[in-house]
*Asks:* 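My structure is below; once you've seen it, I'll send some questions.
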Amino acid sequence: MSFNRPDQLLKLQESFDICIIGGGATGAGVALDATLRGYKVLLIEKGDFASQTSSKSTKLVHGGVRYLEQAVRNLDWHQFKMVYKALHERKTLLKNAPHLAHPLGLLTPCYTRWERWYYRVGMWLYDKISGSTNLKPSRGLSKNEIQAEFPSIESHHLRGGVLYYDGQLNDARYALAILKEAERLGACILNYARLDSFELGHKSLKIKKVIFSDLCSGVSYTIPIKAVVNATGPFTDSVRVLANPRLKPRMKVSRGAHIVLPAEFWTGETALLIPKTDDGRVIFVIPWRGSVLVGTTDDPDTLSENPIILEAEREYLISYFNRYSAKKASLGDISATFVGQRPLLQVQLDSAMNTDTKSLVRDHEVEVDGRSKLVSIMGGKWTTYRVMASDTLNELEKEVLRVPVSPCLTEDHSLEPANAVSLPSGVPEDIAAHLTELYGPAAGEVYANGAERLLVGAPYLVGELDYLKKEEMAVTWDDVLARRWGISLRNEALAEKLQAIKKEAFAS
Ligand SMILES: Cc1cc2nc3c(=O)[nH]c(=O)nc-3n(C[C@H](O)[C@H](O)[C@H](O)COP(=O)(O)OP(=O)(O)OC[C@H]3O[C@@H](n4cnc5c(N)ncnc54)[C@H](O)[C@@H]3O)c2cc1C
């Protein structure tokens with residue numbers, strides 16, 4: 001069986017223990033963990049995998065410098081533990097898929113002596129909490145050192161800075177890698193499959209069957225199931241009420257906008273952390289796959305399938321970029337934009353100011369509905385997807401299946417493709433870089449499908465298309481451009497050119 005729709009539809013004839021709703025980071029993590037624990041798993045995703053929040057993140061694998069600051073200021077032990085957990089997960093995430101995640105240097109500029117001291121101590125603490133999982137020690141830098149090493153930064157008024165390390169990941173492809181691995185180990189994983197309703201037991205009102213539609217064929221499926229995990233991120237409440245209409249809403253969403261600029265605006269491989277904007281936010285300027293990512297914002301929002309950037313958000317982000325960058329950009333230089341919606345827990349909102357989503361901790365909670373036995377995993381962040389999955393399955397085993405909790409095996413489970421095929425010699429440099437970055441050890445296998453370029457001057461190959469359909473379950477051309485290649489999130493003009501030569505194999 002391969003990772004494509006016809007093969008996965010065949011698997012629907014099997015019987016399943018656990019159904020997971022949602023194919024973002026959280027659902028993917030639960031699917032792999034459950035499969036490794038020996039369960040028969042079905043995962044359904046109503047759009048493409050990671051098509052919502054999980055492909056629209058800032059792509060950092062981090063403990064959260066800002067959360068550490070809040071933890072220390074408020075003497076908040078819970079928040080401190082969360083940073084500790086995320087910092088330790090950082091290394092695991094990088095280790096398990098090295099072609100999709102790597103360390104990233106981040107420079108924090110300082111404009112007073114007090115700031116230099118404050119951030120130096122803060123980053124020292126960040127290193128200490130990471131302990132043996134630290135990626136690289138932080139270091140303080142003088143103004144002269146910054147000017148010599150990081151010419152992209154506007155050095156006017158600068159007093160020095162602190163360089164520290166976190167990770168960066170290809171979020172959409174990381175989710176795909178987790179799902180592919182779960183499938184390889186036996187799970188049935190299906191995109192464009194929307195949960196419509198549950199069939200509940202007559203007396204117990206416990207979920208007995210999931211009813212979902214294949215959005216490609218229109219066929220409806222009813223599948224008997226022992227347990228259901230709701231991993232629908234910002235959409236969590238819509239699934240909770242399907243299981244039990246009495247449940248009160250738990251989620252709020254906050255929007256985070258990003259703009260993308262061409263690489264020439266921020267050279268080098270080190271990112272910039274702007275630790276405090278005038279309105280109390282953190283903004284990053286990050287070298288990202290041959291472009292520069294600037295973001296993000298954090299404002300309360302209403303739930304939407306496809307949030308679009310506002311003019312005010314573009315202006316806000318570009319004005320902060322220009323304050324800190326030696327090379328100034330205009331709105332016309334923006335090559336792409338994207339907006340994600342954070343799934344935030346309502347209980348946290350109640351305890352914070354109701355409209356200020358910036359002050360919230362990105363922690364997670366597992367809820368087991370006593371009546372339907374629906375298990376909802378809510379909140380969290382990309383970095384902790386594996387811990388969230390483990391917590392979810394521990395609760396599911398205890399509260400729903402009522403079996404002893406089995407060990408979580410994901411920590412040392414590699415997500416790299418098992419059968420490595422290296423690229424032949426003589427492959428053009430840009431194509432080799434593109435294939436290696438996206439497919440890692442499978443680059444040679446993809447290249448063997450056909451080396452003809454789709455577009456002169458771009459590294460995308462005709463032979464990739466067959467692979468993306470048959471081995472990565474791409475259904476629409478947008479699945480290819482936005483998530484398998486990620487080009488429409490970085491360079492809308494190039495994505496449009498590719499759109500114009502859309503291949504018949506893909507739906508629009
Ligand atoms: C702007 C922004 C920046 C962020 N940056 C970072 C960062 O740098 N580092 C970090 O660690 N975290 C970051 N996060 C947090 C992280 O991205 C999210 O916590 C994570 O992606 C949430 O994943 P999820 O799977 O829970 O939700 P989603 O990715 O939204 O997945 C839920 C899925 O459920 C599906 N679904 C919904 N209803 C149904 C249904 N009825 N049937 C079937 N499927 C359904 C949806 O289509 C969706 O694909 C950021 C978040 C945002 C918004």
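Just so you know, ligand 1 is whichever comes first in the structure, and atom 1 is the first atom listed for that ligand. The figures that follow rest on heavy atoms only: side chains count, while hydrogens, waters and symmetry mates do not.
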*Asks:* With a cut-off of under 6.0 Å to the ring centre and 45° to the axis, is Arg323 in cation-pi contact with Tyr320?
*Replies:*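 Yes, Arg323 sits over the ring of Tyr320.
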
*Asks:* Under 4.0 Å from any heavy atom of Gly340, which atoms of ligand 1 are there?
*Replies:*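 That gives atoms 53 (C) of ligand 1.
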
*Asks:* Looking only at protein heavy atoms, which one is nearest to atom 24 (P) of ligand 1, and how far off is it?
*Replies:*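 For atom 24 (P) of ligand 1, the nearest protein heavy atom is Thr26 OG1, 3.2 Å.
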
*Asks:* Can you tell me if Ser57 and Asp171 form a side-chain donor-acceptor pair at under 3.5 Å?
*Replies:* yes

*Asks:* Under 4.0 Å from a heavy atom of His258: give me the atoms of ligand 1 that qualify, with their elements.
*Replies:*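 By the 4.0 Å cutoff, the relevant atoms are 1 (C).
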
*Asks:* Has ligand 1 got any nitrogen or oxygen that is less than 3.5 angstrom from a nitrogen or oxygen of Lys56?
*Replies:*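 No, Lys56 has no N/O under 3.5 Å of an N/O on ligand 1.
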
*Asks:* The criterion is side-chain hydrogen bond (donor to acceptor under 3.5 Å, both in side chains); which residues satisfy it with Arg484, sequence neighbours excluded?
*Replies:* Asp48

*Asks:* Of all the atoms in ligand 1, which lie at a distance below 4.0 Å from a heavy atom belonging to Phe235?
*Replies:* 37 (C), 38 (N)

*Asks:* Can a non-hydrogen atom of Ala231 be found less than 4.0 Å from any atom of ligand 1?
*Replies:* yes

*Asks:* Under 4.0 Å from any heavy atom of Gly380, which atoms of ligand 1 are there?
*Replies:*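 Selected atoms, number and element: 19 (O).
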
*Asks:* Could you tell me whether the side chains of His364 and Asp391 share a donor-acceptor contact shorter than 3.5 Å?
*Replies:* yes

*Asks:* To the nearest 0.1 Å, how far is atom 35 (C) of ligand 1 from its closest protein heavy atom, and which atom is that?
*Replies:* Glu45 OE1, 3.3 Å

*Asks:* Please work out, at 4.0 Å between heavy atoms, whether the side chain, the backbone, both, or neither of Ile44 comes within that distance of ligand 1.
*Replies:*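 Just the backbone.
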
*Asks:* Which residue owns the protein heavy atom closest to atom 52 (C) of ligand 1, what's the atom, and how far is it?
*Replies:*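 Result: Arg342 CG, 3.5 Å.
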
*Asks:* Between the side chains of Asp279 and Arg281, is the shortest nitrogen-to-carboxylate-oxygen separation below 4.0 Å, so that they form an ion pair?
*Replies:* yes

*Asks:* Is it true that Asp299 and Arg255 make a salt bridge, defined as a side-chain N closer than 4.0 Å to a carboxylate O?
*Replies:* no

*Asks:* Considering only heavy atoms of Gln52, which atoms of ligand 1 have at least one such atom less than 4.0 Å away?
*Replies:*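 Matching atoms, with element in brackets: 30 (O), 46 (C), 47 (O), 48 (C), 49 (O).
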
*Asks:* Indicate yes or no: does an N/O atom of Gly27 lie under 3.5 Å from an N/O atom of ligand 1?
*Replies:*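 No, there is no polar N/O contact under 3.5 Å.
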
*Asks:* Please say which of Asp301, Thr302, Thr53 ends up in a side-chain hydrogen bond (donor to acceptor under 3.5 Å, both in side chains) with Gln341.
*Replies:*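 Among Asp301, Thr302, Thr53, the one that satisfies the side-chain hydrogen bond (donor to acceptor under 3.5 Å, both in side chains) with Gln341 is Asp301.
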
*Asks:* Ligand 1 and Thr58, any nitrogen or oxygen pair closer than 3.5 angstrom?
*Replies:*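 So ligand 1 has an N or O lying under 3.5 Å from an N or O of Thr58.
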
*Asks:* Counting only nitrogen or oxygen atoms and a 3.5 angstrom limit, does Ala257 reach ligand 1?
*Replies:* no

*Asks:* Considering heavy atoms of the protein only, find what lies nearest to atom 27 (O) of ligand 1 and give residue, atom and distance to 0.1 Å.
*Replies:* Gly233 CA, 3.5 Å

*Asks:* Would you verify whether the NZ or CZ of Lys46 falls within 45 degrees of the ring axis of Phe235 while also being under 6.0 Å from that six-membered ring's centre?
*Replies:*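 Judged by the rule (NZ or CZ under 6.0 Å from the ring centre, within 45° of its axis), Lys46 counts as positioned above Phe235.
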
*Asks:* Got a sec: does the OH of Tyr316 have more than 12 other heavy atoms crowding it under 6.0 Å?
*Replies:* yes

*Asks:* Which ligand 1 atoms are under 4.0 Å away from a heavy-atom of Leu195?
*Replies:* 40 (C), 41 (N), 42 (N), 43 (C)

*Asks:* Any salt bridge linking Arg184 with Glu181? Criterion: basic side-chain nitrogen under 4.0 Å from a carboxylate oxygen.
*Replies:*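 Counted as a salt bridge, because a side-chain N and a carboxylate O are separated by less than 4.0 Å.
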
*Asks:* Go through ligand 1 atom by atom and flag the ones less than 4.0 Å from a non-hydrogen atom of Lys59.
*Replies:* 8 (O)

*Asks:* Return yes or no for this condition: an N or O of Thr53 is under 3.5 Å from an N or O of ligand 1.
*Replies:* yes

*Asks:* Quick check on contacts: which atoms of ligand 1 are under 4.0 angstrom from a heavy atom of Gly256?
*Replies:*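 Going through ligand 1 atom by atom, the ones under 4.0 Å from Gly256 are 1 (C).
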
*Asks:* For atom 50 (C) of ligand 1, what is the nearest protein heavy atom, given as residue, atom name and distance?
*Replies:*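 Here the closest protein heavy atom is Ser57 CB, 3.8 Å.
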
*Asks:* Run the salt-bridge test on Glu69 and Arg73 with the 4.0 Å N-O cut-off and return the result as yes or no.
*Replies:* yes

*Asks:* Assess the side chains of Tyr126 and Asp166: does a donor N or O sit below 3.5 Å from an acceptor N or O?
*Replies:* yes

*Asks:* Would you check the N or O atoms of Val61, main chain and side chain alike, for any that come under 3.5 Å of an N or O of ligand 1?
*Replies:* no

*Asks:* Is a side-chain donor-acceptor pair under 3.5 Å present for His78 with Asp363?
*Replies:* yes

*Asks:* Does Lys46 reach ligand 1 with a nitrogen or oxygen that is under 3.5 Å from one of the ligand's nitrogen or oxygen atoms?
*Replies:* yes

*Asks:* Could you tell me whether Ala193 approaches ligand 1 through its side chain, its backbone, both or neither, with non-hydrogen atoms closer than 4.0 Å?
*Replies:* backbone

*Asks:* Looking only at heavy atoms of Arg255, does any of them come nearer than 4.0 Å to an atom of ligand 1?
*Replies:* no

*Asks:* Does Phe49 have Arg173 sitting over its ring (NZ/CZ under 6.0 Å from centre, angle to axis within 45°)?
*Replies:* no

*Asks:* Would you indicate which of Ala86, Ser54, Gly29, Gly24 comes nearest to atom 23 (O) of ligand 1 when only heavy atoms are counted?
*Replies:*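 When every heavy atom of Ala86, Ser54, Gly29, Gly24 is considered, Ser54 comes closest to atom 23 (O) of ligand 1.
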
*Asks:* Quick one: which of Asp48, Leu190, Thr232, Leu60 has a heavy atom closest to atom 32 (C) of ligand 1?
*Replies:*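 Among Asp48, Leu190, Thr232, Leu60, the closest heavy atom to atom 32 (C) of ligand 1 belongs to Thr232.
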
*Asks:* When you compare ligand 1 with Gln341, is there at least one nitrogen or oxygen pair between them that comes in under 3.5 angstrom?
*Replies:*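 Between Gln341 and ligand 1, no N or O pair is found under 3.5 Å apart.
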
*Asks:* Backbone, side chain, both or neither: what part of Trp382 comes under 4.0 angstrom of ligand 1, heavy atoms only?
*Replies:* both

*Asks:* Please confirm whether Lys469 makes a cation-pi placement over Phe506, using NZ or CZ under 6.0 Å from the six-membered ring centre and within 45° of the ring normal.
*Replies:*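 Yes, a cation-pi geometry holds between Lys469 and Phe506.
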
*Asks:* Got Tyr164 and Leu107 here, is their nearest side-chain heavy-atom distance under 4.5 Å?
*Replies:* no

